[in-house]
Amino acid sequence: MRFVAASSADLRPIGDIVRSAQRSLAELGIDQWQDGYPSEEIIADDIAAGEGYVILADDGSVAAYGAVKVGREADYDDIRGGAWRYDGEYVVVHRLCVAEPHRRSGLASMFFACAAQIARRSGRDIIRVDTHEGNVRMLSLLDKEGFGRCGTIRCRSGVRAAFDRRVAPPRIAVREAVPADCYLISDAVTAAFGEDLCRRLCRDASPQRIRGFFAEVAAMPATQYSFENTIVCTVDGVAAGAICGYDGACLDELRGPVLDMLRERFGSAPCPIENETCAGEFYLDSIGIDPLFRGTGAGTALLRAMIERARRSDAGCAALLVDVENPHAERLYRRVGFCRSGTRTLLGHNMYVMTIR
């Protein structure tokens, strides 16, 4: 699952999700969203303003939609029967709905976690939201997510219960990858490669096909980017990034199946290809962090976790490559203790070798 900004191409599937939500509310006897709200025009305005977001399933279909507004909501200025618990700048979550096949699968909680990260990145530490008094599902979700009832507000659709909560510092955790993480691993690998190299490796295939190829590789055992060689980082329970690493002495046996699959799927593979690592190194092959969660410490957590895995191995050091023209990445690696120890060329790119013991 990926949380990304919605585009105009998502309007039709979002409309389908909204209509399904409207039917569900009607079946519960709730008059919320029964007057045509939110209309396609409102959703289009969300997207144009950069406030509309979708959660995409691994097959690329839209699984959930919501708007995250950064800044003042005029309807929230007049709260009755109480007061906002927290004063200050805030973000608002509106129009949250989940596609029927994905309900009760945690996507609404994922959306709130991502909204919290949007708040952090915008310098805000409060989330506000409102809902219909009869919407027991949303009321239960808000309670579970730590929101407190503050009073009522009046909007175009009538009186709504109002809630807020503080945004806590991000909770960072790492874990071993599993086969179901294959698309997350694919995203990390392709991000590390960059668009140009991915297109070269996969003969100008579409981004969807490239992503699917590396997901297939990641779901298999005993490959260079296998889940077996990967650690995943979560931020507030949302999978935010991954890192692959393995004993450099095993490079040929791990890379061989990947090159064979490239030839089978795309008709060619790089040949000859330089060895990016060697015996005596535990090689950190690829690291990728979802752009939304960069700056949270997720990258540092992944590097430290993989360094610990390296220290438990028989390799003499942990090693990685960084493009000589990528000083930002080199600074990250230096912060966790890596130092330059040489240079290598990989697929035409000049790289620094950085190691830590």
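When reading the values below, keep in mind they use all heavy atoms of this one structure, side chains included, and skip hydrogens, waters and symmetry mates.
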Find the distance between [atom1] ([X]) and [atom2] ([Y]) and round it off to the nearest 0.5 Å.
X	Y	atom1	atom2	answer
S341	M354	OG	CE	8.5 Å
S122	E89	OG	CD	8.0 Å
E330	R334	CD	CZ	4.5 Å
S226	L254	OG	CG	8.5 Å
M351	L321	CE	CG	5.0 Å
E133	T152	CD	OG1	8.0 Å

Just by modelled atom types, is the [Y] backbone N or O under 3.5 Å from a matching donor or acceptor in the [X] side chain?
X	Y	result
D236	R171	yes
D10	S7	yes
T190	S186	yes
T223	V217	yes
Y225	V258	no

Mind checking whether [X] and [Y] have side chains closer than 4.5 Å, heavy atoms only?
X	Y	result
I127	F147	yes
L56	V62	yes
H132	M138	no
L320	Y333	yes
F227	D181	no
F112	L141	yes
S109	K144	yes
N275	L251	yes

Residues in side chain to side chain contact (heavy atoms under 4.5 Å, CB included) with [X], at least two apart?
X	answer
E308	R311, R312
D58	Y183, R211
D16	R12, R19
V324	N350, Y352

Give every residue pair that meets the salt bridge (Lys or Arg N to Asp or Glu O under 4.0 Å) criterion with at least one member in [range], sequence neighbours excluded.
range	value
residues 36-47	D46-R95
residues 214-227	E216-R265
residues 344-357	E281-R344
residues 241-261	D252-R255, D260-R263

Practice prompt. Evaluate whether atom CG of D59 has more than 12 neighbouring non-hydrogen atoms of other residues, nucleotides or ligands under 6.0 angstrom away.
Written response: yes

Full working for side chain to side chain contact (heavy atoms under 4.5 Å, CB included) between D78 and R154
CA-CA 8 Å; D78 181 20; R154 180 171 289 277; over 6 Å; no

Taking all atoms of both residues into account, what is the closest heavy-atom pair of [X] and [Y], and its distance?
X	Y	result
L262	L201	CD2-O, 3.6 Å
C182	A215	CB-O, 3.2 Å
V322	N326	CG2-O, 3.8 Å
Y37	Q22	O-NE2, 3.0 Å
V93	A115	CG2-CB, 3.8 Å
L107	A63	CD1-CB, 3.5 Å

Item to complete: Go through the structure and list residues passing side chain to side chain donor-acceptor pair (under 3.5 Å) with R85, not counting sequence neighbours.
Response: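 In terms of side chain to side chain donor-acceptor pair (under 3.5 Å), with neighbours along the sequence ignored, R85 is linked to D164.
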
If the condition is side chain to side chain donor-acceptor pair (under 3.5 Å), which residues does D204 pass it with, not counting sequence neighbours?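 Result, side chain to side chain donor-acceptor pair (under 3.5 Å) vs D204: R199.
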
Is there a chain of hydrophobic side chains (I, L, V, M, F, W, Y, each step under 4.5 Å between heavy atoms) that links [X] to [Y]?
X	Y	result
V167	L292	yes
L96	W33	no
V336	V235	yes
I118	I43	no
L184	M220	no

Problem set entry | Aromatic plane relationship, F266 with F213 - under 30° parallel, 30 to 60° tilted, over 60° perpendicular | perpendicular

For the residue pair Y53 and F3, does the interplanar ring angle fall in the parallel (under 30°), tilted (30 to 60°) or perpendicular (over 60°) class?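 The arrangement is parallel - the two ring planes meet at less than 30°.
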
**Message:** Applying side chain to side chain contact (heavy atoms under 4.5 Å, CB included) to M306 and F282, what does each step give before you reach the verdict?
**Reply:** CA-CA 9 Å; M306 195 58 84; F282 188 93; 3.7 Å; yes

Side-chain polar contacts of residues 97-104 - donor-acceptor pairs under 3.5 angstrom, sequence neighbours left out - could you list them?
{"from": "R103", "atom 1": "NE", "to": "V98", "atom 2": "O", "distance (Å)": "3.1"}
{"from": "R103", "atom 1": "NH1", "to": "S24", "atom 2": "OG", "distance (Å)": "2.8"}
{"from": "R103", "atom 1": "NH2", "to": "S20", "atom 2": "OG", "distance (Å)": "2.9"}

| field | Chi angles and distances behind the side chain to side chain contact (heavy atoms under 4.5 Å, CB included) call for I79, R128 | value | CA-CA 12 Å; I79 185 166; R128 292 179 178 175; over 6 Å; no

Worked verdict on L139 versus F163 for side chain to side chain contact (heavy atoms under 4.5 Å, CB included): CA-CA 10 Å; L139 293 173; F163 300 79; 3.5 Å; yes

Exercise. Have D125 and Y86 got a donor and an acceptor in their side chains that come within less than 3.5 Å?
Worked result: no

Show me, pair by pair, the donor-acceptor contacts under 3.5 angstrom made by side chains of residues 296-305, not counting sequence neighbours?
{"from": "T296", "atom 1": "OG1", "to": "F293", "atom 2": "O", "distance (Å)": "2.7"}
{"from": "T296", "atom 1": "OG1", "to": "A298", "atom 2": "N", "distance (Å)": "3.3"}

With salt bridge (Lys or Arg N to Asp or Glu O under 4.0 Å) as the test, would you mind laying out the steps for E51 and K69 before giving the verdict? CA-CA 6 Å; E51 297 173 349; K69 179 179 179 179; 5.9 Å; no

